[in-house]
There are 2 protein chains.
Amino acid sequence: MPTSHAHILSQILRKLELRGALDDADRGAFLALPLHRRMVEPNVYMVREGDRPDYASVILGGFAFRQKVTEAGARQIVSVHIVGDFIDLEGTLLNIADHSVQALTRCDMAFIPRQAIRDLVLSHPRLGLAMWVDTLIDGSVFREWIANVGRRDGTARIAHIICELGRRLEIAGLARADGFTLPLTQEQLGDATGMTTVHVNRVLKSLAQRGLIRRVRRDLSIPDWEGLRSTAGFSDAYLHFDQVARGVRPDRSL
Amino acid sequence: MPTSHAHILSQILRKLELRGALDDADRGAFLALPLHRRMVEPNVYMVREGDRPDYASVILGGFAFRQKVTEAGARQIVSVHIVGDFIDLEGTLLNIADHSVQALTRCDMAFIPRQAIRDLVLSHPRLGLAMWVDTLIDGSVFREWIANVGRRDGTARIAHIICELGRRLEIAGLARADGFTLPLTQEQLGDATGMTTVHVNRVLKSLAQRGLIRRVRRDLSIPDWEGLRSTAGFSDAYLHFDQVARGVRPDRSL
DNA sequence: CGGAGGATTGAACCTTATCAATCTCAGTGG
DNA sequence: CCACTGAGATTGATAAGGTTCAATCCTCCG
C-alpha cells in the first residue's frame with residue numbers, strides 16, 4: 001500500500017467538495033484526520049446492531065451493506081454501499097447502532113475515529129455541512145427503498161434496485177458500457193427487496209425473457225435501459241446526483 | 001397567538017439541547033432566528049416533490065406526513081410527524097425535494113428560511129451538530145420502516161406502527177394513560193405499511209379479537225402492551241430516545 | 001475429484017390484493 | 001330535530017402474487 005494517508009483522504013475530500021464549498025483551512029484540517037486502513041473480508045461485520053461504534057469509515061474498494069434483523073429472525077438489507085461511500089456516519093453522533101454493517105465483498109476500508117470527526121466538524125462547520133448533506137442523501141435513498149418495498153410488485157422492485165445500482169456504479173465509474181456485475185447474490189437481492197430467493201430468481205428470469213436485462217449469473221447487461229427504467233418506475237432524482245457529481249448526465253444511461 | 005417568536009423558538013431549542021450540548025451564544029443565535037407561523041389545513045401540501053423548498057419547518061401542533069408517489073401511481077407514506085418534529089431539514093441543504101410533505105390534521109407550523117438555517121449552522125457548529133443528529137435519527141426510523149414493510153407480515157406491520165406511534169406520542173406527552181387516538185385513517189395506515197385498506201381493516205379487527213388492542217374507530221387503547229410489542233417485534237432502540245429525551249423510561253409503557 | 005455456495009425448478013399453499021357493496025357516524029342544512 | 005351527505009369503516013367472494021418445501025443442478029475452487 002504505497003498510498004499515504006493524505007492521499008487516501010484527498011480522494012474522499014474530492015467527493016465531499018461536491019457536497020458543499022470548502023476553503024483551504026477546511027481542506028487542510030480534513031487531510032490531517034487520523035485514520036487507519038484495513039482489509040475486511042466478505043461477510044465480516046464492521047458494525048453490529050447494539051454496538052457503540054468508535055469509528056466512522058469510508059469504503060476505498062469493494063462493496064458493503066447495512067441490515068437489520070427482525071425479532072422474528074428475518075433479515076432486511078437497508079442499503080448497499082460502494083466505493084467512496086461513508087459508512088456509519090451515524091456512529092459519530094448516535095450512541096447505539098440500530099443496525100449492522102457488513103462487508104459484501106472484500107473491502108478496503110478507512111476508519112476514522114468518531115471523536116476526530118466531531119472535533120473536525122466543530123472547528124470546521126463547512127465540513128460538517130458537507131457530511132450532513134451526505135446523511136440527507138442517505139435518507140433520501142432510504143425513503144425510496146420504503147416506497148420500493150411497500151408499493152411496487154416483485155418485478156418492479158428488482159428492476160428498481162438494478163437501475164439504482166447501475167446508475168450509482170456508472171457515476172462511480174465502476175460500470176461497463178453495457179452493464180455491470182451485480183455485487184449481490186440472489187438471496188441478498190431478496191433480503192434487499194423483501195422477497196424470497198426463489199421469487200427473485202423467477203423475476204430475474206422473466207426480466208431476461210422480456211429482453212430488459214441479459215444475465216449470466218451475476219453479470220448483467222442492460223440492452224433496453226428505457227424499458228427497464230419504466231418497468232421499475234425509476235427516476236434518479238432521489239439519488240441527488242446534482243449534489244454528488246458535477247456535470248452528471250440526465251437520467252438515462254448505460 | 002400571544003406567544004412570541006422567541007417563546008416558540010425556545011420550545012424548539014429545548015428539544016435541540018437534548019441532541020447536543022449548546023452554549024449561551026448558540027442559544028442566543030437560535031432564538032434570533034427569523035420565522036413565520038402559519039396554520040395549515042389537513043391534506044394541504046407543505047412541500048411538493050420536485051419543489052425547491054425555501055423553508056424548513058417545525059410542527060408546533062398537529063400531525064403531518066411525508067409521502068412518495070410511484071410512477072405507477074401508488075402512494076407510500078414514508079414517515080409520520082408529531083409536535084416538535086423538524087420537517088424538511090433536507091430542504092435546507094438539498095436542492096430538489098424528493099418527496100412531498102402534507103398536513104395530516106390541522107397543523108400549527110413555524111417556517112424558518114433555508115438560508116437562515118445555513119448561516120446559523122456555519123456560525124454555530126454545535127447547533128449544526130444537533131440538527132445533524134435529528135437527521136440521523138430520521139434515517140434510523142426510515143431503516144426500521146424498510147424492515148417493517150419488507151420483512152414483517154400484515155399483522156406485525158400494523159402492530160409495529162401502532163407501537164411506534166404510541167411510544168412517540170407518549171414521549172411527547174400526547175398519549176392518554178391507556179392509549180391514544182390514531183392520527184391516521186385506515187387508508188393512510190395502509191399507505192404507510194404497504195397494504196390495502198381492506199386488509200388493514202381485517203388486521204385491526206384480528207388484533208382486537210386477540211385482545212392486543214381495543215378500538216373504537218380511531219381511538220385505541222392497548223390493554224396488553226407486551227403482547228402487542230411482541231407480535232410487532234417492536235423495540236424502541238431505533239427511535240434513539242436516549243438522544244431525544246432525558247430520563248426516558250426503558251422500552252415498555254402505556 | 002469432491003465440496004460448497006449459489007442458482008434453478010416444480011408443486012402446493014396461503015397471504016394479501018381486487019372488486020364491489022354495504023354500513024356507520026359526524027356534521028350540515030332545512 | 002331529523003333527513004341528507006360524504007368520508008371512512010366493514011364485509012364477502014374471488015383471484016393473483018409470492019411463499020414454502022424440497023430437490024436438482026451448476027461451477028468455481030482447493
Side-chain angles (χ1 to χ4, degrees), chain A residues 41-44 63 70 72-77 102-106 148-162 181-210 213-220 231, chain B residues 41-43 63 70 72-77 102-106 148-162 181-209 213-220 231:
Chain A
E41 297 304 314
N43 298 315
V44 169
F63 296 92
T70 298
R75 180 171 79 155
Q76 176 70 45
I77 293 179
Q102 260 177 288
L104 196 49
T105 61
R106 193 156 206 270
N148 196 38
V149 172
R151 285 301 190 204
R152 291 197 186 96
D153 65 19
T155 306
R157 270 185 237 180
I158 294 290
H160 195 277
I161 197 173
I162 290 175
T181 299
L182 268 180
L184 301 160
T185 65
Q186 293 184 6
E187 184 182 6
Q188 290 161 339
L189 226 36
D191 285 336
T193 50
M195 300 162 59
T196 57
T197 311
V198 171
H199 198 226
V200 169
N201 183 278
R202 289 177 177 140
V203 166
L204 283 173
K205 227 177 20 170
S206 105
L207 287 174
Q209 271 170 354
R210 291 164 56 190
I213 60 174
R214 244 194 302 273
R215 180 178 63 95
V216 182
R217 302 193 128 245
R218 309 229 209 134
D219 229 53
L220 278 190
T231 77
Chain B
E41 296 304 314
N43 298 315
F63 296 92
T70 298
R75 179 171 81 153
Q76 175 71 44
I77 293 180
Q102 258 178 290
L104 196 50
T105 60
R106 191 153 207 271
N148 196 40
V149 171
R151 285 302 190 202
R152 287 195 255 263
D153 65 18
T155 307
R157 271 186 236 179
I158 293 291
H160 196 275
I161 198 173
I162 291 176
T181 299
L182 269 180
L184 301 160
T185 65
Q186 293 183 6
E187 185 182 6
Q188 290 161 339
L189 226 35
D191 284 336
T193 51
M195 300 163 58
T196 57
T197 312
V198 172
H199 199 224
V200 168
N201 182 277
R202 290 182 173 135
V203 166
L204 284 173
K205 225 175 27 169
S206 105
L207 287 173
Q209 271 169 354
I213 60 174
R214 243 194 302 274
R215 180 179 63 97
V216 182
R217 302 193 129 246
R218 311 233 206 130
D219 229 54
L220 279 190
T231 76

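Letters A, B, ... are given to chains in the order of the sequence lines, protein chains preceding strands, and every chain is numbered from 1.
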Engineer: Does the side chain of A:Lys205 get closer than 4.0 angstrom to OP1 or OP2 of C:dA7 through an N or O atom?
Structural biologist: no
Engineer: Kindly point out which of D:dG12, C:dA7, C:dA17 is positioned nearest to the side chain of B:Val198?
Structural biologist: D:dG12
Engineer: Counting side-chain heavy atoms from CB outward, which of D:dG18, C:dT8, C:dG6 is closest to A:His199?
Structural biologist: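 Closest of the options to the side chain of A:His199: D:dG18.
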Engineer: If each of A:Arg202 and A:Arg218 is mapped to the nucleotide of DNA chain C with the nearest heavy atom, which maps nearer the 5' terminus, i.e. the 5' end?
Structural biologist: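 Mapping each residue to its closest nucleotide by heavy atoms, the 5'-most match is A:Arg218.
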Engineer: Just by distance, do the side chain of B:Arg157 and the backbone of B:Thr193 share a donor-acceptor pair under 3.5 Å?
Structural biologist: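 Here the side-chain-to-backbone pair exists.
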Engineer: Picking from C:dT16, D:dT19, C:dT24, which would you name as closest to the side chain of B:Asp153?
Structural biologist: C:dT16
Engineer: Kindly say if B:Asn201 contacts the phosphate of D:dT10, meaning a side-chain N or O under 4.0 Å from OP1 or OP2.
Structural biologist: yes
Engineer: May I have the distance from B:Leu204 (atom CG) to D:dG8 (atom C1'), rounded to whole angstrom?
Structural biologist: 13 Å
Engineer: Taking CD1 from A:Ile213 and P from C:dA7, how many angstroms apart are they, rounded to a whole number?
Structural biologist: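 Roughly 13 Å, once rounded to whole Å.
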Engineer: Please check if the side chain of A:Arg151 supplies one atom and the backbone of B:Met195 the other of a donor-acceptor pair under 3.5 Å.
Structural biologist: yes
Engineer: Counting side-chain heavy atoms from CB outward, which of C:dT18, D:dC26, D:dG18 is closest to B:Thr196?
Structural biologist: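 Side chain of B:Thr196 sits closest to C:dT18.
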Engineer: Using the side-chain contact (heavy atoms from CB on, under 4.5 Å) rule, take B:Asp153 and B:Val203 through it: C-alpha gap first, then chi angles, then the decisive distance, then the call.
Structural biologist: CA-CA 10 Å; B:Asp153 65 18; B:Val203 166; over 6 Å; no
Engineer: From CZ of B:Arg217 over to P of C:dA26, roughly how many Å is that when rounded to an integer?
Structural biologist: 7 Å
Engineer: In whole angstroms, how far is the C1' atom of D:dG8 from the CG atom of B:Asp219?
Structural biologist: 15 Å
Engineer: Find the distance B:Met195:CE to D:dA16:C1' and express it as a whole number of Å.
Structural biologist: 17 Å
Engineer: May I ask you to evaluate whether B:Arg215 reaches the phosphate of D:dT10, defined as a side-chain N or O under 4.0 Å from OP1 or OP2?
Structural biologist: yes
Engineer: With nearest nucleotide decided by heavy atoms, which residue, B:Asn43 or A:Gly194, maps closer to the 5′ end of DNA chain D?
Structural biologist: B:Asn43
Engineer: Is it the case that the base of D:dG18 and the side chain of A:Arg157 share a donor-acceptor contact (distance under 3.5 Å, atom types as modelled)?
Structural biologist: no
Engineer: Once you round it to whole Å, what is the distance between P of C:dA17 and CD of B:Glu187?
Structural biologist: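 Rounding to the nearest Å, CD of B:Glu187 and P of C:dA17 are 13 Å apart.
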Engineer: Please report the distance, rounded to the nearest Å, between CZ in A:Arg151 and P in C:dT16.
Structural biologist: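 These atoms are roughly 13 Å apart.
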Engineer: Determine whether a donor-acceptor pair (N or O, by modelled atom type, separation under 3.5 Å) exists between the side chain of B:Thr197 and the backbone of B:Gln186.
Structural biologist: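 Judged by distance alone, no pair lies under 3.5 Å.
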Engineer: Please report the distance, rounded to the nearest Å, between CD in A:Gln186 and C1' in D:dC25.
Structural biologist: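 So the two atoms are 13 Å apart, to the nearest Å.
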Engineer: Does B:Arg75, at its CZ atom, have more than 12 non-hydrogen atoms belonging to other residues, nucleotides or ligands within less than 6.0 Å?
Structural biologist: yes
